[in-house]
Amino acid sequence: MSTIPARPADAADVGQSLLYGMLRIRMVEEAIASRYHHEEMRCPVHLSIGQEAVAVGVASALDRRDAVLSTHRAHAHYLAKGGDLRAMIAEIHGRATGCSGGMGGSMHLVDMEAGFLGSTPIVGGSIPVGAGVAFASKQRGDGRVTAVFFGDGTTEEGVFYETLNFAALHRLPLVFICEDNLYSVYSPREVRQPAGRDLVALGRSMGLAAERGDGNDVRLVRDLATRAVARARSGDGPTLLELSTYRWLEHCGPNYDNDIGYRSEAEFEVWRERCPVERETARVIAAGEATVASIDATRLRIAAEVDDAFAFALASPFPEDRDLPAAYASPLVNPR
Amino acid sequence: MSTIPARPADAADVGQSLLYGMLRIRMVEEAIASRYHHEEMRCPVHLSIGQEAVAVGVASALDRRDAVLSTHRAHAHYLAKGGDLRAMIAEIHGRATGCSGGMGGSMHLVDMEAGFLGSTPIVGGSIPVGAGVAFASKQRGDGRVTAVFFGDGTTEEGVFYETLNFAALHRLPLVFICEDNLYSVYSPREVRQPAGRDLVALGRSMGLAAERGDGNDVRLVRDLATRAVARARSGDGPTLLELSTYRWLEHCGPNYDNDIGYRSEAEFEVWRERCPVERETARVIAAGEATVASIDATRLRIAAEVDDAFAFALASPFPEDRDLPAAYASPLVNPR
Amino acid sequence: MTREITFAAAIREATDQCLQADPRVYLMGLGVPDPKGIFGTTTGLQEAYGVDRVLDMPASENAMTGVAIGSAIAGQRPILTHQRVDFALLSLDQLFNNAAKWHAMFGGQMRVPLVVRLMVGRGWGQGPQHSQSLHSLFGHVPGLKVVMPSTPHDAKGLLTAAVQDDDVVIYIEHRWLHGVVGDVPAGTYTVPIGAARVAREGSDITLVASGYQTLEALRAAEWLAEDGVSAEVVDLRSIKPIDEHAIVASVGRTRRLLAVDGGWRFAGVASEVLAIAAEQAHASLSTAPRRITLPERHTPTSWPAAQRYYPGVPEIVATVRDMLGLPPQSVPPQWRESGYGDQPSPSFRGPF
Amino acid sequence: MTREITFAAAIREATDQCLQADPRVYLMGLGVPDPKGIFGTTTGLQEAYGVDRVLDMPASENAMTGVAIGSAIAGQRPILTHQRVDFALLSLDQLFNNAAKWHAMFGGQMRVPLVVRLMVGRGWGQGPQHSQSLHSLFGHVPGLKVVMPSTPHDAKGLLTAAVQDDDVVIYIEHRWLHGVVGDVPAGTYTVPIGAARVAREGSDITLVASGYQTLEALRAAEWLAEDGVSAEVVDLRSIKPIDEHAIVASVGRTRRLLAVDGGWRFAGVASEVLAIAAEQAHASLSTAPRRITLPERHTPTSWPAAQRYYPGVPEIVATVRDMLGLPPQSVPPQWRESGYGDQPSPSFRGPF
Ligand SMILES: Cc1ncc(C[n+]2csc(CCOP(=O)(O)OP(=O)(O)O)c2C)c(N)n1
Ligand SMILES: Cc1ncc(C[n+]2csc(CCOP(=O)(O)OP(=O)(O)O)c2C)c(N)n1
Ligand SMILES: [Mg+2]
Ligand SMILES: [Mg+2]
């Protein structure tokens with residue numbers, strides 16, 4: 001085998017495509033981080049390095065027509081769901097060719113083709129919207145499943161609970177994915193939630209199926225998500241998955257920040273050891289599904305794709321005002 | 001003994017004072033209902049007939065300096081906490097002598113002396129305010145406990161969960177009392193919450209102590225509340241109590257409404273049988289703590305007090321505009 | 001062939017026809033299918049269209065607004081109701097941050113054809129938290145349209161237009177209008193969003209009003225006419241977009257302007273009306289324009305105080321006379337407001 | 001003896017002094033004690049005053065506002081912060097239904113001495129949900145005071161006044177002001193809430209501005225002066241109560257009015273300024289007053305588009321010249337805005 005396949009052709013390819021998906025996200029995020037100081041990407045970026053397994057594992061359980069909604073930290077979800085890389089990089093560069101035409105930046109990604117219906121940075125804001133998409137699926141019987149991603153800090157917003165209740169009440173085809181990376185910006189869990197908070201018990205008491213798992217184990221994530229998606233698809237209602245993981249870089253921006261005082265280098269190192277990409281790489285190689293050489297070849301292929309996306313973005317024009325969408329979708333009636 | 005004591009003098013009086021408290025609320029509410037058609041009480045009234053035991057049981061566990069916040073259905077809580085009857089009836093009549101000076105009506109009761117810090121009709125709205133009062137107590141170390149009352153429908157508002165989290169995080173001296181009367185206005189549980197919702201498990205998963213009980217058994221309520229208040233007072237954090245009960249009259253207004261179609265006469269009859277006042281009356285009589293005659297004497301005493309309150313209200317003036325509070329507490333600076 | 005029905009019945013009819021015409025339309029709100037049927041505006045609709053299309057909901061205003069938005073971007077056309085505007089304050093995150101922006105912030109790829117029906121309470125002790133009229137707030141945010149009918153005809157036509165519109169429309173109903181009767185065509189029709197109507201022609205002054213205050217302005221104009229003053233009444237019907245042309249054209253004719261709004265003064269719709277006139281009709285104005293709005297206070301619950309709180313015919317008449325340099329004159333009781341204290345009519349009694 | 005510090009440092013100093021002076025004062029908000037310290041405005045305060053008085057909080061804006069209210073009625077004096085105004089939309093139920101009304105709706109027996117610090121984002125791709133300037137909304141609701149300083153001096157004085165005030169004060173900080181340097185007395189002092197300031201005297205036209213737009217108005221006035229036009233700049237400082245007298249007095253002197261506001265147009269503060277002038281200074285106005293506000297669109301994230309989105313010196317100068325009947329003239333680059341695109345200065349770079 002020369003390179004890892006981008007999409008699984010058969011069962012044997014699945015592990016490789018999981019690895020491919022994670023590697024690709026990792027390399028895209030690394031490229032954003034390394035080029036951010038050029039000041040061509042003039043918008044906040046919340047990178048997902050260290051958290052790739054959640055996005056890839058969940059997306060691997062979804063069909064292309066299924067829907068995803070996400071947050072400020074959306075690059076991984078967008079890419080894993082099949083969002084267009086060029087359009088994302090162009091959007092982060094504020095170009096007219098960006099996925100939101102320059103209205104969104106990193107915090108408002110969208111790819112309608114890929115079923116990525118939007119990511120927004122108001123904490124909790126996209127959760128009920130995802131439930132609404134699932135509600136429409138239920139009303140229309142279109143068989144679509146919706147997944148909403150959010151962080152551990154988001155479980156402090158009331159709208160999260162309101163949405164759990166509604167989803168359970170109507171047995172919506174919906175999967176809630178909580179990426180627990182221990183922090184909300186620079187605030188550790190202990191200043192935000194009481195010790196011993198049990199989100200799985202909470203989900204169950206609200207009437208959902210709920211499970212917790214290692215969010216850095218992409219195959220476990222895929223398995224949990226596959227069960228959740230099957231449950232949703234068959235009308236058995238929503239599932240809440242809590243997946244533990246860790247963000248390697250600063251909350252917003254391209255740098256490491258273990259030195260500024262809110263977390264320790266030692267803690268970081270523990271999680272660095274649990275790198276989801278390295279773990280899956282080792283597994284794939286051990287299983288003989290890929291070799292170091294084939295993975296290197298894949299890296300080269302991804303690097304070229306990333307270079308192309310940045311070149312595309314930098315070559316794209318900025319939007320003119322006439323290209324920008326109005327606040328209203330329908331023309332305002334001029335009654336005269 | 002001639003009548004039931006208004007306040008417990010010693011242990012033997014407790015049961016009687018619980019009964020007294022409930023009887024008094026019942027008779028006040030009945031008087032409001034029977035006189036409502038006079039159209040002198042020109043404001044919405046949400047009566048508590050059938051739900052007296054929750055208010056009285058909880059209040060009996062609180063000290064006078066402890067704080068209570070409540071909702072649109074607040075008469076029982078206000079009276080049980082020691083709120084001034086004349087001021088309440090005058091407020092419902094829109095008089096200047098009302099507890100809120102004519103700005104509140106039935107839905108905004110207050111008695112600062114009695115520690116009744118306010119009731120408001122935006123569902124869920126007073127819950128975090130209660131937590132704030134408890135937070136101030138913690139900051140100041142004043143030993144005060146706060147109780148917040150709300151209905152089962154209110155557990156659908158996000159702010160309820162946000163407040164549970166904060167209260168558990170800071171181990172606030174707070175008791176949450178959910179009066180589960182099966183309905184939110186005319187909407188039964190099944191259109192609002194999934195079957196099998198377990199609020200006690202939910203409270204525990206959020207990090208609170210939580211218990212459920214028969215809200216029509218005033219002694220059980222008192223016992224549960226006493227434990228919760230002790231926990232709060234000793235710094236062991238908040239408790240969520242879910243107490244099942246039933247509202248006899250229409251959601252808002254003075255009438256019975258089992259005929260309009262949202263609930264059955266049969267259901268009503270089951271709950272009518274579980275009348276908290278009758279149950280406690282039987283218990284007190286069986287225990288020899290009171291007699292039919294002594295209770296009748298108490299009724300007469302209460303009836304006189306109620307008549308006095310209505311007479312006081314009707315004799316009171318309406319507020320002049322100059323008596324009404326401005327929107328601002330401090331005079332607006334006129335800088336010139 | 002005229003047919004008179006109530007404002008509430010007109011809303012129900014529009015909803016019924018929209019549900020009938022388009023399977024994507026659905027209706028959701030606290031109490032929508034209950035025996036009171038949102039003051040009669042939704043009665044029987046669940047029976048006719050089923051529980052999937054006409055449904056109750058949990059008391060979760062913010063999430064339910066998000067759900068409505070999500071369903072709208074997925075192709076549905078929700079109508080969400082709240083029995084008081086005041087409850088919608090819980091959902092302004094979803095309305096302002098998401099509903100108003102979803103179309104634009106994703107480059108115009110999605111639409112949010114959402115209608116939110118909000119009711120303004122008044123009288124019978126509604127008090128500080130059940131009587132706010134917050135149309136100005138909604139109007140401030142780009143991406144939201146805001147309508148505020150004053151007649152059964154417009155109630156039906158604007159609701160139908162709102163449901164057919166591809167944007168978010170905030171539809172504001174004054175509780176005292178539900179019982180008002182008027183001519184309503186039986187078939188489906190729309191009233192264009194963004195078009196005011198000259199509710200009464202006049203030549204001495206323009207009264208710009210909306211919603212329930214239009215009725216007060218019309219009553220004031222009637223009494224003024226008895227007295228030889230000719231007031232034109234412009235019923236905005238839509239708050240946003242506001243019909244600048246209609247305001248400027250009327251002021252051009254009458255050369256005087258009084259804005260009568262049912263909300264608070266500061267940065268309210270009346271401020272906007274005056275600003276538009278000042279910018280675009282400064283030269284036409286023969287005297288300083290004025291505003292009649294709620295006082296800078298919260299609604300008292302006590303009914304006599306509440307009655308004084310709401311400005312109506314007497315205040316309008318007094319202000320108009322003053323603007324025209326006429327001496328004060330008291331308004332006979334039959335021209336004052338409704339004359340029924342804190343109820344719009346004797347048959348309409350609390351609690352409501 | 002003058003001492004120059006930044007706007008952010010002035011806020012920190014006011015907070016420090018208030019915490020020091022009154023044990024009832026406490027400070028709460030997402031990230032308050034974190035290493036970034038709310039853009040440097042809270043750095044070190046937790047170390048100085050302890051975790052009970054300077055604390056982080058869960059991402060629960062509505063409940064935390066209620067908690068602040070509850071603690072305030074129980075005698076504390078909370079300062080609550082949100083890093084973006086946009087997040088406060090989640091708490092408008094508590095702010096509008098409770099904080100603004102608690103005093104009045106219980107007959108004046110309680111007070112809510114609460115300060116809510118809200119930050120307006122701009123530039124570096126803040127985009128539709130992180131750059132709203134919603135002061136007009138807060139100003140609309142009786143019971144809330146709203147201040148919006150434009151200088152380090154006023155930032156400190158208004159924050160101290162807000163903390164000492166017995167009402168709810170919404171304190172709005174523009175992100176681009178945090179780095180601005182100016183004279184700030186070291187001791188405790190207050191700037192009265194409700195009093196505007198004439199930031200520059202002039203005789204040809206009055207520019208009424210607030211917050212960051214005051215800087216644009218001042219820059220425009222400087223350039224206009226080079227060109228022989230004398231513009232007076234009134235810095236509102238307080239949005240609510242608004243200093244009507246200062247507006248009317250200035251317009252009485254200059255006979256022309258241009259309101260420059262950083263928010264949207266419809267029923268915004270600029271509308272209010274025009275309405276006040278139309279009502280109270282109609283006869284003084286020699287020409288129609290105008291407004292410069294944000295366009296009726298959402299903030300683009302793309303930086304060149306965002307730069308065009310925000311009106312500044314060029315738009316002010318062009319409008320003033322037009323109002324004075326002068327021919328258009330282009331503004332040299334050094335007078336335009338800051339000249340640094342989507343940053344206020346080159347040292348101030350994203351992400352922020
Ligand atoms: C309503 C709201 N409150 C606060 C913020 C500021 N904020 C931005 S990202 C973030 C962290 C949220 O933490 P979490 O959900 O755990 O996501 P993570 O960043 O860790 O992926 C916060 C609080 C916001 N954007 N929206
Ligand atoms: C935010 C909000 N939403 C809706 C309402 C309308 N409403 C008034 S009382 C009520 C019922 C609440 O039910 P519950 O909490 O069970 O209290 P109960 O009336 O049964 O005592 C509702 C929904 C409201 N007042 N506030
Ligand atoms: Mg997190
Ligand atoms: Mg209930």
Side-chain angles (χ1 to χ4, degrees), chain C residues 61-62 86-87 89-98 100-101 104-105 127-129 132 134 136-137 139-143 239-242 257 259 263-283 285 287-291 294-298 300-301, chain D residues 61-62 86-87 89-98 100-101 104-105 127-129 132 134-137 139-143 239-242 257 259 263-283 285 287-291 294-298 301:
Chain C
E61 287 80 2
N62 203 31
D86 317 68
F87 310 160
L89 289 174
L90 280 154
S91 66
L92 293 194
D93 162 47
Q94 286 295 325
L95 279 177
F96 291 0
N97 281 327
N98 279 347
K101 300 183 172 58
M105 80 186 163
Q129 293 186 332
Q132 293 169 87
L134 303 174
S136 304
L137 298 187
H140 185 61
V141 180
I239 295 298
K240 181 80 169 284
I242 194 165
L257 169 66
W264 287 304
R265 171 170 302 230
F266 186 93
V269 165
S271 318
E272 183 62 28
V273 170
L274 260 63
I276 289 168
E279 278 179 331
Q280 299 178 39
H282 176 72
L285 287 167
T287 183
R290 296 216 210 152
R291 295 178 273 181
L294 293 185
E296 186 71 12
R297 293 192 288 118
H298 298 297
T301 322
Chain D
E61 286 80 1
N62 203 33
D86 318 67
F87 310 160
L89 289 174
L90 280 154
S91 65
L92 293 195
D93 162 48
Q94 284 297 327
L95 280 177
F96 291 0
N97 281 328
N98 279 348
K101 299 182 172 59
M105 79 187 165
Q129 293 186 332
Q132 292 169 86
L134 304 173
H135 45 286
S136 305
L137 298 187
H140 185 60
V141 180
I239 295 299
K240 180 78 168 286
I242 194 165
L257 170 66
W264 287 304
R265 171 170 302 230
F266 185 94
V269 165
S271 318
E272 183 62 29
V273 170
L274 260 64
I276 289 167
E279 278 179 332
Q280 299 179 38
H282 177 72
L285 286 167
T287 183
R290 296 217 209 151
R291 294 178 274 181
L294 293 185
E296 186 71 11
R297 294 192 285 117
H298 297 299
T301 321

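Just so it is clear: chains get the letters A, B, ... in the order the sequence lines come, proteins before strands, and each one is counted from 1.
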Participant: Report which part of C/Leu285 has an atom under 4.5 Å of a heavy atom belonging to chain D: side chain, backbone, both, or neither.
Facilitator: both
Participant: What's the shortest heavy-atom distance between C/Leu137 and D/Phe96, and which atoms?
Facilitator: CD1-CE2, 3.6 Å
Participant: Sort D/Thr301 into side chain, backbone, both or neither according to what part of it lies under 4.5 angstrom from a heavy atom of chain C.
Facilitator: neither
Participant: Contact part of C/Ala104 toward chain D, heavy-atom cut-off under 4.5 Å: side chain, backbone, both or neither?
Facilitator: side chain
Participant: Restricting to side-chain contact (heavy atoms from CB on, under 4.5 Å), what partner residues turn up for D/Ala275, sequence neighbours left out?
Facilitator: C/Ser271, C/Leu274, C/Arg291
Participant: Only counting residues at least two apart or in another chain, list the ones meeting side-chain hydrogen bond (donor to acceptor under 3.5 Å, both in side chains) with D/Asn97.
Facilitator: C/Gln132, D/Asp93
Participant: So do C/Gln129 and D/Asn98 actually touch side chain to side chain, heavy atoms under 4.5 Å?
Facilitator: yes
Participant: Side chain, backbone, both or neither: which part of D/Leu257 has a non-hydrogen atom closer than 4.5 Å to chain C?
Facilitator: neither
Participant: Picking from C/Arg290, C/Gln280, C/Glu296, which has the most non-hydrogen pairs under 4.5 angstrom with chain D?
Facilitator: C/Glu296
Participant: Between C/His298 and D/Pro142, is there a donor-acceptor pair closer than 3.5 Å when you use the side chain of the first and the backbone of the second?
Facilitator: yes
Participant: Do you know the tightest heavy-atom contact between D/Gly268 and C/Ala267?
Facilitator: O-CB, 3.7 Å
Participant: Distance-only, no hydrogens or angles: does the D/His140 side chain make a donor-acceptor pair with backbone N or O of C/Gly263 under 3.5 Å?
Facilitator: no
Participant: If you tally heavy-atom pairs under 4.5 Å against chain D, which of C/Leu294, C/Val269, C/Thr287 wins?
Facilitator: C/Thr287
Participant: What residue in C/Arg297, C/Glu272, C/Arg265 has the most heavy-atom pairs under 4.5 Å with chain D?
Facilitator: C/Glu272
Participant: Report which part of D/Leu95 has an atom under 4.5 Å of a heavy atom belonging to chain C: side chain, backbone, both, or neither.
Facilitator: neither
Participant: With respect to chain D, which residue among C/Ala100, C/Gly143, C/Ala278, C/Ser91 yields the maximal number of heavy-atom pairs within a distance under 4.5 Å?
Facilitator: C/Ala278
Participant: Given a strict heavy-atom distance threshold of 4.5 Å, which part of C/Asp86 is in contact with chain D: side chain, backbone, both, or neither?
Facilitator: both
Participant: Hey, which of C/Pro289, C/Ala259, C/Ser136, C/Ala277 has the most heavy atom pairs under 4.5 Å with chain D?
Facilitator: C/Pro289
